[in-house]
Engineer: 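I'd like to ask you about the structure that follows.
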Amino acid sequence: MKDLGPFSYFLGIAITRHISSLFLSQRKYVAKIIDRAGISSCKPSPTLVSPKLKLGTTTSIPFEDPSLYGSLTRALQYLTFTRSDINFVVQQVCLFMHDPQDEHMNALKRIVRYLQGTLDDGLHFYPSSTTTLVSYTDVDWGGCLDSRRLTLGYCVFMVDKLISWSTKRQATLSHSSVETEYRGVANVVSESCWLRNLLLELHCSIPQATLIYCDNVSAIYLAGNPFQHQRTKHIEMDIHFVREKVARGQIKCN
């Protein structure tokens with residue numbers, strides 16, 4: 001065994017060290033994806049996806065090269081380690097790896113064209129004297145055109161540094177938008193509590209309550225209101241879990 005010194009490049013991730021910061025980038029890896037997609041000479045896209053685009057399984061004709069589609073989607077999945085901005089749209093195109101269609105491939109190419117214009121983006125870590133956790137959660141209720149299942153997503157910042165994020169499609173249907181939003185809050189509360197305990201073990205306790213942003217007023221009301229409404233009995237466990245954290249001052253919903 002021998003000491004190889006400080007990391008500079010590992011599994012496609014370049015680590016750039018500065019005096020008081022660390023920058024993680026996958027520029028070379030992105031360049032390989034662009035070449036594999038065959039769009040090196042194309043104009044970069046300013047956005048990842050059209051906000052009105054909804055992908056389904058019966059929207060267009062089958063794509064002629066499913067193996068290329070699968071290869072590119074798997075490559076983009078690995079890229080999300082340092083490019084959390086593409087996490088959600090990559091999750092969307094990965095849903096159709098079993099039967100890709102032309103519309104799915106067009107959406108995938110737009111992601112790659114966006115990467116072409118943001119080659120130098122990555123994760124920047126630097127020290128800060130402030131230790132606060134801020135979380136955001138959102139839900140795409142009934143967004144799937146085929147099953148109408150919802151997609152939950154959240155991200156957690158420590159000061160202004162992104163440290164945890166997730167998007168996941170639920171296995172069951174939901175009849176209530178309030179229920180879906182509140183389950184999204186419960187997910188990010190669980191993640192935030194785990195991070196608080198981890199930081200405590202690392203001797204970096206968080207004295208302030210974790211501020212969680214949610215765009216549903218009813219979900220925020222349920223988090224602080226002790227009254228148990230008849231319509232919310234089917235999500236009683238999530239309600240009591242979140243309220244307990246709010247009551248202890250560890251979480252604050254906004």
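Being a predicted model, the structure only gives us computed values, none of them experimental.
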Engineer: Where is the tightest heavy-atom contact between L79 and V30, given as atom of each residue plus distance?
Structural biologist: CD1-CG2, 3.5 Å
Engineer: Hey, are the side chains of P46 and Y114 touching, using non-hydrogen atoms and a 4.5 Å cut-off?
Structural biologist: no
Engineer: Hey, could you give me the CZ/CD distance between R196 and Q208, rounded to the nearest 0.5 Å?
Structural biologist: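 CD of Q208 is found 8.5 Å from CZ of R196.
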Engineer: Quick one: pull up CD in Q116 and NZ in K43 and give me the separation to the nearest 0.5 Å.
Structural biologist: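 Answer for the CD-NZ pair, Q116 versus K43, is 11.5 Å.
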Engineer: Please tell me if the side chains of I61 and Q101 come closer than 4.5 Å, counting only heavy atoms from C-beta onward.
Structural biologist: no
Engineer: Any idea how Y136 and F157 line up, ring-wise: parallel (<30°), tilted (30 to 60°), or perpendicular (>60°)?
Structural biologist: perpendicular
Engineer: State whether the side chain of T80 and the backbone N or O of Q77 hold a donor-acceptor pair below 3.5 Å, judged by distance alone.
Structural biologist: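 Indeed, once roles are kept as given, a pair shorter than 3.5 Å links the two residues.
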Engineer: Is the gap between the ring centers of F96 and Y69 under 6.0 Å?
Structural biologist: no
Engineer: In Å and rounded to the nearest 0.5 Å, what is the OG1 to CZ distance from T118 to R113?
Structural biologist: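 Separation between the atoms: 12.0 Å.
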Engineer: Assigning hydrophobic clusters by single linkage (Ile, Leu, Val, Met, Phe, Trp, Tyr; side-chain heavy-atom cutoff under 4.5 Å), is L198 placed with M158?
Structural biologist: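 The answer is yes; both residues are in one hydrophobic cluster.
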Engineer: Checking side-chain contact (heavy atoms from CB on, under 4.5 Å) between I212 and each of L133, V188, V134, which is the one that passes?
Structural biologist: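 Output: one option passes, namely V188.
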Engineer: Are I34 and M105 linked, directly or through other ILVMFWY residues, by side chains that come within less than 4.5 angstrom of each other?
Structural biologist: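 Same cluster.
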Engineer: Group every Ile, Leu, Val, Met, Phe, Trp and Tyr by side-chain heavy-atom contacts under 4.5 Å, then state whether Y78 and I15 land in the same group.
Structural biologist: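 Linked within one cluster.
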Engineer: Listing request: all salt bridge (Lys or Arg N to Asp or Glu O under 4.0 Å) pairs with a residue in residues 72-92, at least two apart in sequence or in separate chains.
Structural biologist: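 Listed by first then second residue: R83-D85, R83-D121.
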Engineer: From Q26 CD over to L119 CG, what is the distance, rounded to the nearest 0.5 angstrom?
Structural biologist: 12.0 Å
Engineer: Would I39 and V112 count as a side-chain contact (heavy atoms from CB on, under 4.5 Å) here? Give the steps.
Structural biologist: CA-CA 8 Å; I39 58 173; V112 179; 3.4 Å; yes
Engineer: Do the side chains of R110 and T47 get nearer than 4.5 Å, heavy atoms only?
Structural biologist: yes
Engineer: In the single-linkage hydrophobic clustering (I, L, V, M, F, W, Y; side-chain heavy atoms under 4.5 Å), do V93 and F81 co-cluster?
Structural biologist: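 Yes, V93 connects to F81 through the hydrophobic network.
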Engineer: Looking only at atom types and distance, does a side-chain atom of Y29 sit under 3.5 Å from a main-chain N or O of L11, one as donor and one as acceptor?
Structural biologist: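 Checked: no pair found.
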Engineer: With sequence neighbours excluded, give me every salt bridge (Lys or Arg N to Asp or Glu O under 4.0 Å) pair touching residues 15-30.
Structural biologist: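 Residue pairs passing salt bridge (Lys or Arg N to Asp or Glu O under 4.0 Å), neighbours aside: R27-D120.
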Engineer: What are the two closest heavy atoms between S135 and S192, and how far apart are they?
Structural biologist: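 Reported closest heavy-atom pair: OG-OG, 2.9 Å.
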Engineer: In terms of hydrophobic clustering (I, L, V, M, F, W, Y; side-chain heavy atoms under 4.5 Å; direct or indirect links), are L115 and F23 co-clustered?
Structural biologist: no
Engineer: Check each of L108, V90, I111 against T73 using the side-chain contact (heavy atoms from CB on, under 4.5 Å) test, and report the only one that passes.
Structural biologist: L108
Engineer: From I13 CD1 over to T82 OG1, what is the distance, rounded to the nearest 0.5 angstrom?
Structural biologist: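 These two atoms lie 6.0 Å from each other.
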Engineer: Measure the CG-OG1 distance between L195 and T210 for me, rounded to the nearest 0.5 Å.
Structural biologist: 8.5 Å
Engineer: Let me see the working for Y154 and S164 under side-chain contact (heavy atoms from CB on, under 4.5 Å), right down to the final yes or no.
Structural biologist: CA-CA 8 Å; Y154 66 78; S164 179; 4.0 Å; yes
